[in-house]
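Before any comments, here is the structure.
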Amino acid sequence: MKNLDISCPSCSNPAVLTQSHRYSQTSIGAVFQCANTACRNEFGGVVTLTANLPAGVERFSSGTSSTTDSDADGYVLTDV
């Protein structure tokens, strides 16, 4: 399974998940903090499952667009 890599919007260094809250079966809120000790910016967002695999299909096509990414489990993540 691939991890979701998030970069700090202030300094572009890696960020780590510090909190998450499940809103529904398809949506979670997430809070991240920059791993750069000089920055330590906190930011958050909502991750929403927008599509599910149809019955009998193993995964989505490998093509991705600039607004969506398919992970190894076949879920599509968007930045809403």
Side-chain angles (χ1 to χ4, degrees):
M1 175 186 243
K2 182 180 177 187
N3 290 328
L4 182 62
D5 297 322
I6 302 293
S7 297
C8 175
S10 295
C11 70
S12 300
N13 281 290
V16 294
L17 179 67
T18 59
Q19 297 177 40
S20 65
H21 177 75
R22 185 176 179 162
Y23 294 121
S24 69
Q25 285 186 315
T26 59
S27 185
I28 64 164
V31 177
F32 299 90
Q33 185 173 43
C34 182
N36 178 355
T37 56
C39 178
R40 303 303 277 179
N41 182 40
E42 287 189 333
F43 57 96
V46 176
V47 179
T48 302
L49 175 67
T50 60
N52 213 348
L53 291 175
V57 174
E58 291 183 22
R59 64 181 357 178
F60 288 107
S61 67
S62 61
T64 59
S65 71
S66 61
T67 58
T68 62
D69 290 318
S70 297
D71 76 7
D73 293 328
Y75 297 107
V76 176
L77 302 177
T78 63
D79 53 344
V80 178

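Nothing fancy with the numbering, it's 1 onward along the sequence.
- Looking at heavy atoms from C-beta onward, Cys11 lies in side-chain contact with Cys34 at the 4.5 angstrom threshold.
- In this structure a side-chain-to-backbone donor-acceptor pair under 3.5 Å is missing from Arg22 to Ile28.
- In this structure, Arg40 CZ and Cys8 SG are separated by 10.5 Å, a value rounded to the nearest 0.5 Å.
- For the pair Thr48 (side chain) and Thr50 (backbone), a donor-acceptor distance under 3.5 Å is absent.
- With sequence neighbours left out, Ala30 forms a side chain to side chain contact (heavy atoms under 4.5 Å, CB included) with Leu17, Phe32.
- Here the straight-line distance linking atom OG of Ser24 with atom CG of Leu49 works out to 9.0 Å at 0.5 Å rounding.
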